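Right, one structure below, let's go through it.
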Amino acid sequence: MEKFTKLTGVAAPLEMINVDTDQIIPKQFLKTIKRTGLGRSLFFDLRYNDDGTEKPEFVLNRPAWRQAKILVTGENFGCGSSREHAPWALLDFGIRCVIAPSFADIFYNNCFKNGILPIALPQGQVDALMAVARRGADGTLTVDLEKQEVRGPDGATLSFELDPFRKHCFLEGLDDISLTFEKAEAIDRFEAEQRRAQPWLWARAVPCRPERSS
Amino acid sequence: MARTLFDKIWDSHLVDVQDDGTSLLYIDRHLVHEVTSPQAFEGLKAAGRGVRRPEATLAVCDHNVPTTDRSGGIDDAESRIQIETLERNCAEFGIPYFSMSDVRQGIVHIIGPEQGMTQPGMTIVCGDSHTSTHGAFGALAFGIGTSEVEHVLTTQTLVQRPAKNMRIAVEGDPSFGITAKDMILAMIGKIGVAGGTGYVIEYAGKAIRDLSMAGRMTVCNMSIEAGARAGLIAPDETTFAYIEGRPMAPKGGQWEQAVAYWRTLPSDEGAAYDEEVTLDAADIAPQVTWGTNPGQVLPITGVVPDPAQEANGGRRRAMERALEYMGLEPGTPLTDIKIDQVFIGSCTNARIEDLRAVARVVEGRKLADGVGAMVVPGSGLVKEQAEAEGLDRIFIAAGFEWREAGCSMCLAMNADRLKPGERCASTSNRNFEGRQGKGGRTHLMSPVMAAAAALAGHIADVRELV
């Protein structure tokens, strides 16, 4: 995973609550077997007309926010489906940080697996950042992960909470699977004990019923 | 210390706990489908990693499969490639797999319980948010992303942080015509679509205990629509009776041993919850969603709400947007809303009990003029059972299409989808914009309510029909 230390960029205001992952990336784009290339389909139904042309009023289609690196949005962002295609699409578009009053759990987790920093702040602070984001190119934000701060163009600084382990993994670009492999002996011990105490979980159990002959 | 059901399952699966509470949780069973797994297998191959316990894993194709005749394969090239990729990955890593031509194939959350793979006290994951369904058995079951699918495949563990405990009790007896779907929709309406975020919800109370396993699965299935990754119901005699004798259930002496353990799982007397909510089952009327998230729900006797009455600006704008998308005016009685399509199916409501309930309503009657309707069974085995009971003939005589098993129009990844502007009475779990097809308008409700709508041609109160 790419390291995340400090990010400075234009923030796009997406003034909606409960943005679900079906809106972030609709189902027809889940047929891919790759992680890349989803950026052009991000927010597809919000962003494009039926004939494929851009909806000029949608924030990411407006000149000031086409290069946005940060998204400022409403409560419960990323609710619904577990599709990791949602953070893949955001990342492929160039979004590395989403700021909202709250996030859905699975989406929040998925962001951390992909180098996107989700920052939850109180509604009043998000409202203030939303006002900055509306300024467009003139309203860049800086996210400093080391200091856990978001700085606005006028010097205003907001601090945010983050689980220390996740912060460490982000700063170092660490990958969960490699870290877990270091605990292989603990997993072996767990399995040996479970096999002894709950042998039915380890019995060979095969799903049955033959395949249809036709 | 008194512990909840969640605490007990959590504690018994801890492999490692760091100082900050970050935990390595052992995963007992892993369900895999074609949409959220290809990139995980690709990651394993790129890193030269294997699958730790292929025998604790079960794969099936469900999201992309056609529900019409499959003998000619799949027309859509991308869908076909995704399913072929799953088949190849399962063969390469030795993972049991139900193909499209296998009678056991079906929606991943229907087949796990059906095979007896889902058992109390287990941790179960799948790259699908409706994995919460399996919580009906007293298993800690939740949806994960593709990176986590990869993590589980190769380590049989997940890095997690403990959730908070919420208890929702539905006390008393539901009145006539009220189903598990109405109960869970009413609960989501009460706590909101983010009310359960950060929690595991334990459903309790007499009305929940009295539900069949099918009803309990319907309730737990929609936990995620309240924001909770997992829902739980304490295992009891109903649970054990359902599991016993299924292909993957414990056998012989191990059955007794397992049941003895399962009896220790229910929450202890006096266990503490971070949040408690109580509903009276008698207050619940048939529920119907009017908007574009499952929390935008009302009793059938209600009218489309007026955004002007909402004080919160963000919520008011969301309501206005929902009404515009849904093509509805404030004040319209829900029973005046005409429908074009009816979808009976999904991991929420495509079990044999759901199909029987629909058949009882539509038997000897006809679809309203101009209404299209389909019944999509949850698995090949559900389909077989329904046909053995003659339900298929009842549906076909009433004018429904009788389809093959799969996710179908719940998320419209295959050819089953609404046209722009079409309005659907659906037994599925999400009424998001575009969910059942771009521009499609979804009203979530119970199977019997969807059946009533199919006969009336508009949203209708099933209690007045039967």
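Here is how names work: the chains are called A, B, and so on, in the same order as the sequence lines, proteins then strands, and each is numbered from 1. Just so we're clear, the structure is a prediction, and the values are computed from it rather than from any experiment.
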Answer with side chain, backbone, both or neither: which region of [X] has an atom nearer than 4.5 Å to a non-hydrogen atom of chain B?
X: A:Glu193; result: neither
X: A:Asp127; result: neither
X: A:Pro199; result: both
X: A:Ala197; result: backbone
X: A:Leu201; result: both
X: A:Ser178; result: both
X: A:Asn18; result: side chain
X: A:Thr32; result: both

With a 4.5 angstrom heavy-atom cut-off, is it the side chain or the backbone of [X] that approaches chain A, or both, or neither?
X: B:Thr197; value: both
X: B:Ser12; value: backbone
X: B:Met117; value: neither
X: B:Ile144; value: backbone
X: B:Gln18; value: side chain
X: B:Leu14; value: backbone
X: B:Thr146; value: both
X: B:Arg430; value: side chain
X: B:Thr157; value: side chain
X: B:Asn429; value: neither
X: B:Glu256; value: neither

Just so I understand: if I count every heavy-atom pair under 4.5 Å between each of [options] and chain A, which residue has the most?
options: B:Arg317, B:Glu42, B:His130; result: B:Glu42
options: B:Leu24, B:Ile111, B:Asn293; result: B:Leu24
options: B:Ala258, B:Pro38, B:Ala318, B:Ala56; result: B:Ala258

Legend entry - Inter-residue atom distance A:Phe103.CZ - A:Cys111.SG, 0.5 Å rounding: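 SG of A:Cys111 is found 7.0 Å from CZ of A:Phe103.
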
Measure the spacing between CG of A:Asn109 and CZ of A:Arg166 and express it to the nearest 0.5 Å.
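Atom-to-atom, A:Asn109:CG and A:Arg166:CZ are 5.0 Å apart.
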
Between [X] and [Y] (salt bridge meaning N to carboxylate O under 4.0 Å), is one present in this structure?
X: B:Arg52; Y: A:Glu191; value: yes
X: B:Arg53; Y: B:Glu55; value: yes
X: B:Glu404; Y: B:Lys383; value: yes
X: A:Asp22; Y: A:Arg83; value: yes
X: A:Arg35; Y: B:Glu150; value: yes
X: B:Arg321; Y: B:Glu433; value: yes
X: A:Glu149; Y: A:Lys6; value: no
X: A:Arg62; Y: A:Glu57; value: no

Best-contacting candidate, A:Asp163, A:Asp175, A:Asp50, A:Asp176, against chain B by heavy atom pairs under 4.5 angstrom:
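Between A:Asp163, A:Asp175, A:Asp50, A:Asp176, the count favours A:Asp163.
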
If you tally heavy-atom pairs under 4.5 Å between each of A:Leu179, A:Asn114, A:Asp20, A:Asn110 and chain B, the highest tally belongs to A:Asp20

Open item on the list: Is it true that B:Thr442 and B:Asn431 share a donor-acceptor pair across their side chains at a distance under 3.5 Å?
Closed with: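 No, no side-chain donor-acceptor contact under 3.5 Å.
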
*Between B:Gln257 and A:Trp200: side-chain donor-acceptor atoms closer than 3.5 Å*: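 Looking only at side-chain atoms, A:Trp200 and B:Gln257 do not form any donor-acceptor pair under 3.5 Å.
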
Smallest separation among heavy atoms of B:Arg246 and B:Glu114, with atom names: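 Result for this residue pair: NH1-O, 3.0 Å.
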
